[in-house]
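We number each residue from 1, following the sequence as shown.
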Amino acid sequence: MGRTKDRAWSDVLRSYDSNPFISGSNVFGKYDHQDFTLNASLSTVKLGSFTYGANILYKVGDLSRLRDPRSRINLLDYKLTPSVTASVGSHHTIGFAFHYERRKEKLPSLTTVQTDPNLAYYVMTGLESATGTIGGYKGYMREYVSHNFGGELTYGYHSGAFKSLTAFSLERIPEYVYGTNKYEPGFYVANRYGVSTQNRLQGDCLLHSIDASLTYEEAYADEYRQERITETNPDNGQTSIRWNTIMTYKKRYQLKKLDLNAHYRLTFTDASNGQKGYVGAAYSLKSVKTTHLLPVSKQEYVASTVMAEGGVTLFKRHLLVDAQFGGHFATKAELNLADPTTDYAVNVLIPDMDILDANYWFGTLQVEYQHPISIKGVTTQWFARAHGSYIGAQHSLHRSTIGLSIGLYY
């Protein structure tokens with residue numbers, strides 16, 4: 001739950017590196033959002049060499065614009081994942097999980113409180129391609145429905161002080177886009193491939209943690225040209241409307257994404273395996289390339305992030321101190337547009353390059369104090385936490401945050 005100020009050009013939940021058929025107003029305004037997530041898992045006991053389980057993930061969300069033209073996006077997302085694991089010998093485990101996820105994001109209509117004859121609304125189809133129409137918000141609606149099919153194969157190994165888990169995943173995500181009377185501006189589909197590994201090595205009062213993951217996504221969108229056909233039934237006089245596709249631009253919008261993450265942590269423990277402190281390091285690489293054809297426009301950026309971390313517990317583990325420090329390095333940021341003069345290019349894509357091309361350093365510090373408190377014979381662990389972070393970047397893009405929270409662990 002929260003509020004975003006001075007936002008424009010996007011009335012959808014996913015503004016970047018996703019479905020290109022988005023829409024929005026060029027007038028900056030406030031947006032309120034709220035999200036709710038329910039997650040439930042269950043599994044059987046070990047039945048011979050097999051264990052069976054299932055997970056259900058349910059999400060609902062809402063994004064509301066508080067300025068004309070006023071939009072309200074509703075999200076319904078649920079995911080079902082059945083799984084099975086099999087033990088092979090005393091050191092090996094093989095698992096398989098299949099999931100189906102249905103995601104629906106709907107913008108039912110737009111409204112206005114006041115009448116502005118010059119108020120425009122924009123519909124985008126990829127990179128700088130955007131069409132703005134005066135009064136285009138009237139009667140406008142949009143619906144995104146995706147069906148995510150995927151599977152994951154895992155292999156686990158454990159022997160003495162060493163444990164390892166490696167996973168390979170594959171997903172295909174077709175997404176349909178509908179407008180008024182089932183008008184379809186296009187079709188979007190993404191294929192996602194992933195591999196990850198988690199490793200733990202326990203030593204004398206030391207725990208080594210080595211994690212790595214790689215995700216590659218390739219997506220494209222077909223763009224349609226449709227004509228509206230109105231038919232009247234001569235028997236009862238009822239009128240029906242349908243849309244006929246007369247032309248398809250195959251793979252006019254293309255997207256390629258690569259995410260690489262690696263993390264190492266050395267944890268210092270006592271004789272009872274309680275944590276005394278830790279040091280670690282992390283590295284991540286992100287690469288995104290977007291292409292829009294006929295004529296050709298391209299955007300590409302590559303960035304790396306390195307981070308060092310450390311933490312310590314003091315005063316019999318009542319006081320916990322955690323710190324991080326690192327840098328973000330933009331190694332490539334290019335934008336080549338067929339028409340750099342469009343409204344969307346001038347107001348969104350070109351200004352965004354200052355952010356994508358920015359190098360910055362960051363630091364965070366968190367101090368938490370924990371103490372058990374008994375109330376009517378019930379003891380709970382309470383905490384008070386102070387948090388601060390700072391980002392210093394080129395182009396004067398700086399940000400600092402501070403926070404204080406009080407609560408209990410249950």
(Q) With a sphere of 6.0 Å drawn around CZ of F315, does it hold more than 12 non-hydrogen atoms of other residues, nucleotides or ligands? (A) no
**Q.** Interatomic distance, L314 atom CG to H318 atom NE2 [nearest 0.5 angstrom]
**A.** 11.5 Å
Q: Check the pair D259, L214 against side chain to side chain contact (heavy atoms under 4.5 Å, CB included), reporting the backbone distance first and the verdict last.
A: CA-CA 6 Å; D259 286 286; L214 174 66; over 6 Å; no
**Q.** Side chains of Y283 and S304, donor plus acceptor under 3.5 Å
**A.** yes
(Q) Please tell me whether Y360 and H398 have a donor and an acceptor in their side chains that are separated by less than 3.5 angstrom. (A) no
**Q.** Heavy-atom side-chain proximity of V27 to D68 below 4.5 angstrom
**A.** no
Q: Give a yes or no on whether I402 atom CD1 has more than 12 heavy-atom contacts from other residues, nucleotides or ligands under 6.0 Å away.
A: no
(Q) Within this structure, what is the CG-CG distance for the pair L258 and L260, rounded to the nearest 0.5 Å? (A) 6.5 Å
(Q) Do H33 and Y31 make a side-chain contact, defined as non-hydrogen atoms from C-beta onward lying under 4.5 Å apart? (A) no
Q) Side chains of D343 and N26: donor-acceptor distance under 3.5 Å anywhere? A) no
Q. Under the 3.5 angstrom rule, does the side chain of R70 hit a backbone N or O of L66 as a donor-acceptor pair?
A. yes
Q.
One thing to verify: whether K289 and E334 come together as a salt bridge, which I'm taking to mean a side-chain N less than 4.0 angstrom from a carboxylate O.
A. no
Q: Determine whether the side chains of N55 and S41 contain a donor N or O and an acceptor N or O closer than 3.5 Å.
A: yes
(Q) Would T85 and T93 count as a side chain to side chain donor-acceptor pair (under 3.5 Å) here? Give the steps. (A) CA-CA 7 Å; T85 63; T93 303; over 6 Å; no
Q | R200 bridged to D211 by N-O distance under 4.0 Å | A | yes
(Q) Quick check: do T239 and T230 have side-chain heavy atoms less than 4.5 Å from each other? (A) yes
Q) Is the closest side-chain heavy-atom distance between S297 and E128 below 4.5 Å? A) yes
Q | Residue pair L110 / L107: nearest heavy atoms and the distance that separates them | A | CD1-CD2, 4.0 Å
Q. What do you reckon, is CG of N39 surrounded by more than 12 foreign heavy atoms closer than 6.0 Å?
A. yes
**Q.** Pair T401, S389: side-chain N/O donor-acceptor within cut-off below 3.5 Å
**A.** yes
Q) Does the side chain of Y278 pick up a donor-acceptor pair with the side chain of D322 at under 3.5 Å? A) yes
**Q.** S23-Y122 side chain donor-acceptor pair, cut-off 3.5 Å
**A.** no
Q.
Evaluate S374 against T379 for side chain to side chain donor-acceptor pair (under 3.5 Å), listing each step before the verdict.
A. CA-CA 4 Å; S374 297; T379 302; 2.7 Å; yes
Q) Any side-chain donor paired with an acceptor under 3.5 Å for K332 and S287? A) no
Q. Quick check, are the ring centers of F383 and Y369 under 6.0 angstrom apart?
A. no
**Q.** Other residues, nucleotides, ligands: >12 heavy atoms within 6.0 Å of R14 CZ
**A.** yes
Q) Between R67 and F28, is there a donor-acceptor pair closer than 3.5 Å when you use the side chain of the first and the backbone of the second? A) yes
(Q) If you count heavy atoms of other groups shown closer than 6.0 angstrom to CD1 of I56, is the number above 12? (A) no
(Q) Under 4.0 Å between a side-chain nitrogen and a carboxylate oxygen: does that hold for D62 and R72? (A) yes
Q: Determine, for E217 against K256, whether the closest basic-nitrogen to carboxylate-oxygen distance falls under 4.0 angstrom.
A: no
Q: Take K59 and D35 through the test side chain to side chain contact (heavy atoms under 4.5 Å, CB included) and record every step on the way to the result.
A: CA-CA 7 Å; K59 298 180 182 178; D35 303 282; over 6 Å; no
Q. Can a cation-pi geometry be assigned to K251 and Y220, taking NZ or CZ under 6.0 Å from the six-membered ring centre and within 45° of the ring axis?
A. yes
Q: Test R103 against every option in L76, L75, N148, I173 by the side-chain contact (heavy atoms from CB on, under 4.5 Å) rule and name the one that passes.
A: L75
Q) Among side-chain atoms of S15 and S10, is any donor-acceptor pair under 3.5 angstrom? A) yes
Q.
I want to check something: taking the side chain as every heavy atom from C-beta on, are L319 and V367 in contact at a cut-off of under 4.5 Å?
A. yes
Q) For residues R102 and Y100, is any side-chain donor paired with an opposing acceptor at under 3.5 Å? A) no
(Q) Is a donor from one side chain sitting under 3.5 angstrom from an acceptor on the other, for H263 and E309? (A) yes
Q. If you take all heavy atoms of Y344 and A130, which pair is closest and at what distance?
A. CB-CB, 3.8 Å
(Q) Using a 6.0 Å distance limit plus a 45 degree cone around the ring axis, check whether R172 lies over the aromatic ring of F149. (A) no
(Q) Before you tell me yes or no, could you show the steps for Y390 and W361 under ring pair (Phe, Tyr, Trp, His ring centres under 6.0 Å), namely the whole-Å CA-CA distance, both residues' side-chain angles and the distance that decides it to 0.1 Å? (A) CA-CA 8 Å; Y390 181 80; W361 65 270; 5.4 Å; yes
**Q.** N-O pairing of K276 and D270 below 4.0 Å
**A.** no
Q. Is there side-chain contact between K30 and R7, with at least one heavy-atom pair below 4.5 Å?
A. no
Q | Minimum-distance pair of heavy atoms, taken over all atoms of S146 and E175 | A | CB-OE1, 3.4 Å
(Q) Counting C-beta onward and ignoring hydrogens, is there a side-chain heavy-atom pair between L119 and Y137 closer than 4.5 Å? (A) yes
Q. Counting distance only, does the side-chain N/O of R252 pair as donor-acceptor with the main-chain N or O of L294 below 3.5 Å?
A. yes
(Q) Give me the atom names and distance for the closest heavy-atom approach of F21 to A221. (A) CE1-CB, 3.9 Å
Q. What are the two closest heavy atoms between S284 and N261, and how far apart are they?
A. CB-OD1, 3.2 Å
Q. In this structure, which one of R225, Q226, E184 forms a side chain to side chain donor-acceptor pair (under 3.5 Å) with T245?
A. Q226
Q. Do S87 and K46 pass the side chain to side chain donor-acceptor pair (under 3.5 Å) test, and can you show the C-alpha distance, the side-chain angles, and the key distance before you say yes or no?
A. CA-CA 10 Å; S87 298; K46 196 169 184 179; 3.0 Å; yes
Q. Can we call the ring centroids of Y144 and Y176 under 6.0 Å apart?
A. no
Q: Starting at CG of D357, measure out to CG of D352 and round the result to the nearest 0.5 Å.
A: 12.0 Å
Q. To the nearest 0.5 Å, what is the distance between CZ (F325) and CE (M307)?
A. 12.0 Å
Q. Can you tell me if N191 and Y216 form a side-chain donor-acceptor pair at under 3.5 Å?
A. no
Q.
Distance check, rounded to the nearest 0.5 Å: T290 atom OG1 versus L349 atom CG?
A. 9.5 Å
**Q.** Single hit among T133, T131, D11 for side chain to side chain donor-acceptor pair (under 3.5 Å) with Y121
**A.** D11
Q: Assess whether atom NZ of K298 is packed by more than 12 heavy atoms of other residues, nucleotides or ligands within 6.0 Å.
A: no
(Q) Could you report the tightest heavy-atom contact between S164 and T166, atom names first, then the distance? (A) OG-OG1, 4.1 Å
Q: Using a 4.5 Å cut-off on heavy atoms from C-beta on, say whether the side chain of P174 contacts that of F187.
A: yes
